[in-house]
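Chain naming here is simple, since letters A, B, ... match the order of the sequence lines and numbering starts at 1 in each.
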Number of protein chains: 2
Amino acid sequence: MQGALAVLRHVHAHPGVTRAELTRALGLSSGSAAEITARLKVLRLVEETEAPATGGRGRPSPVLTAHPDGPVICAVDIGHESWRVATVELGGRLVGDVSGRHADRAAGAVLDAVRQPIPQADRRLRAVSVAVAGSVQGTRIVQAATLGWRDVDLAVLRPDPGVPLLVGNDASLAGLAEARRGAGFDTKVVLHLTVEVGLGGILVVDGRPMTGATGAGGEFGHLPFGDRERQCPCGARGCWDLEVDGRAMARDLGLPEPRDPRTEADRILRSADAAHRAAVTRVATTLGRGIGGLVNALDPDLVTLSGLARSFLAEVPEALHAGYTDGLMSFRRAAPPPLRPSALGDQGPVIGAAEVAFDALLTEEGLAAWE
Amino acid sequence: MQGALAVLRHVHAHPGVTRAELTRALGLSSGSAAEITARLKVLRLVEETEAPATGGRGRPSPVLTAHPDGPVICAVDIGHESWRVATVELGGRLVGDVSGRHADRAAGAVLDAVRQPIPQADRRLRAVSVAVAGSVQGTRIVQAATLGWRDVDLAVLRPDPGVPLLVGNDASLAGLAEARRGAGFDTKVVLHLTVEVGLGGILVVDGRPMTGATGAGGEFGHLPFGDRERQCPCGARGCWDLEVDGRAMARDLGLPEPRDPRTEADRILRSADAAHRAAVTRVATTLGRGIGGLVNALDPDLVTLSGLARSFLAEVPEALHAGYTDGLMSFRRAAPPPLRPSALGDQGPVIGAAEVAFDALLTEEGLAAWE
DNA sequence: CGATTATGCTCGCCTCGCGAGGATAATAGG
DNA sequence: CCTATTATCCTCGCGAGGCGAGCATAATCG
């Protein structure tokens, strides 16, 4: 079981490896590798497909991928304005993907819409895993300011009581995906930050997300980096959240609080107006300075950026880097962790949601449950 | 080797367990437990001593402890004003302990003093592990403001090239010790904070310290929670560091920057003067508010406090808790992680230093090196 | 002083991974 | 087209190490 688990985890993390590569990576003998893969094929967990002609010499090594009848996860992403339901197989490939925009943001309406595409009686389904734009504890959404939700239990998304339900913050899960399969691939300590409306993220150490005691870790937007007098909808004051998004840019420009801060942010970002450019620069600098502080505290190898933060990196990299450097302790300035754009885009949350579900599956117990 | 390692780690984490408890905890058969302990006794790693009369029925179970000729770590603590050199055996017991105050704070002088008690040719010595009051990357001290050191390499403390040298921040290592053997025992996610001159700490998840990519993680004092205009010796501005210690209290009282902020802090803390009490209250509140922000971001089960933070908790708990609650997101206020005083006191850094060294020893390779 | 309770020890069994030796499948070169 | 070369896969006997049944041992209870 030990060896089988190691193989399965390696295939999951590196879909499309050859058996020879796997044997070397795990330090197995070729005999053990043969026996273990044979067992996993019988269990309908992995499939070996004929090797593509590499052009190199020697006997070709078969490629290991997810079994076509293997376990799948239903990954759900509930964002500020849209939702997505995907089926994900071992190795992180999306084999089905449905999405839509919220017609009505009320919790009931959104959950009804999202529930439709969730398969109801699929023996292959091992878990429903939800990424949601809000603060999460266990399987409850305790606070989702932009959706206007408070204390919503997602248990209704469970197709039957036997299927486990997992819930996490969308920015945190996107960060996990980014660390494992995106810009942070093969990096030990990755700090991911997403700015949409407010800011979220996660620290991923050796592939493990630091989600804290209750699952509400990674709420970096509620560190008091901002103006101590400014009240945040979260209940605290001076949150960084309020200083780095469309609300902050509108405030900087003397505009009223926008109804849809994310769209407003994009509008200002695309504008050629000098005042707008200045506001973008100032907010990007503020974001950068906070990133510097977080890097001081958490010491990552790499920072990955999504959403509006990714846009700042693309549009005003000097401002972002100036703030970043300014916020760093001087000894870190010689070789600061690079800021990199997210590689997974809007697929991050669903891929991350599937990851945590597969983490539970790829254990002694999870495998035992799969026979 | 697998089973032996598990047993050894369990004995290290729970010194003084009986073999019966261990067998149950690891789910071993009594036969395996017997064979493994026999092997570990031959290897001079553990010793079985006769069970003390528990008064209960049944055959008594022998107690497992460190072997008297087993491996030891030389743990060194270099603080602002004093140093300590201890010998630590498996299980975390200090079997030797020498300390002194710095006569001269220059790096050379301190290292000379500290080098004396380090055993030179002890076959039992597996590592020298140093806790130091400064920022650390690898085995270098990159910045230690209160000692006045910059870029000091501690390689001179290595008694011979075969003995590994480990270096870490004292507050981070004290936090690791606290999480494993102190107030955070058996708790999944522990946030530890120490205030002496400035603030340091660590997040410990499942017993693993989140020391980051270079070992400089846990520098929570350099999060920009403070006044954006105030320059920190670290090179950044607005550091929390400057708002929570003796310097902050002196500033609040309109006094000049104290030469020894730690002593000054204790003096103000012990004073009955109303202005002094008010300053203490304000600084404790500021500290509490920052702790709230950190709890928002990291979501620990428990926060442990050392040094001046521990004194605040003892002397002005209302102020500290008021700030703490104020800094928390409102959904966390119903059941916030408790703030607990450190249980290990000034032994924290050396115990933590020994822990990281034993972590390296209690591996396949570490055990192979011990024959 | 037996009964009860709890634990330790012995020993055959079984699982799983190792590794040597031969088989297999590709390219390279004549 | 055929052989050499390279790289990998498969078969199979071996050995390490953990399991668990059955018995031995050591304490308290009444």
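Here C/dC9 presents its C1' atom at 12 Å from CD of B/Glu48, a figure rounded to the nearest Å. Atom CD1 in B/Ile36 sits about 15 Å away from atom C1' in C/dC9, given to the nearest Å. Note: CG (B/Leu40) to P (D/dG17) measures 12 Å, nearest angstrom. Put simply, CD on B/Gln2 is 16 Å from C1' on D/dC19, counting in whole angstrom units. Nucleotide C/dC13 holds its P atom 17 Å from the CD atom of B/Glu35, rounded to whole Å. To the nearest angstrom, P of D/dG17 lies 10 Å from CD of B/Glu364.
A heavy atom lying under 4.0 Å from DNA chain C marks the following residues of residues 15-24 of chain B, by number: B/Arg19, B/Ala20, B/Arg24.
B/Phe185 and B/His14 have perpendicular rings, their planes meeting at more than 60° on a 0 to 90° scale where under 30° would count as parallel.
For the OP1/OP2 pair of C/dT15 and a distance below 4.0 Å, the side-chain nitrogens and oxygens of A/Arg39 include no atom meeting the criterion. Contact annotation: A/Ser61 reaches the phosphate of D/dC9 (side-chain N/O to OP1 or OP2, under 4.0 Å).
Under the 3.5 Å distance criterion, the side-chain polar atoms of B/Asp160 are matched with a main-chain donor or acceptor of B/Gly162. The main-chain N or O of B/Leu362 is found under 3.5 Å from a side-chain atom of B/Arg9 such that the two form a donor-acceptor pair. A/Glu89 places no side-chain N or O within donor-acceptor distance of the main-chain N or O of A/Thr87, the cut-off being under 3.5 Å. Side-chain atoms of B/Thr18 come within 3.5 Å of backbone atoms of B/Glu21 as a donor-acceptor pair (strictly under, hydrogens ignored).
For the pair B/Arg19 and B/Glu48, the salt-bridge criterion is met [side-chain N within less than 4.0 Å of a carboxylate O]. Using a 4.0 Å cut-off between charged side-chain N and carboxylate O, B/Glu355 and B/Arg181 make a salt bridge.
Heavy-atom contacts from other residues, nucleotides or ligands closer than 6.0 Å to CD of B/Gln120 number more than 12.
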5' to 3', nucleotides 19-28 of chain C under a 4.0 Å protein heavy-atom cut-off (B base, S sugar-phosphate only, - none) gives B---BBBBSS
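B/Ser342 and B/Glu178 share a donor-acceptor pair across their side chains, judged by distance under 3.5 Å alone.
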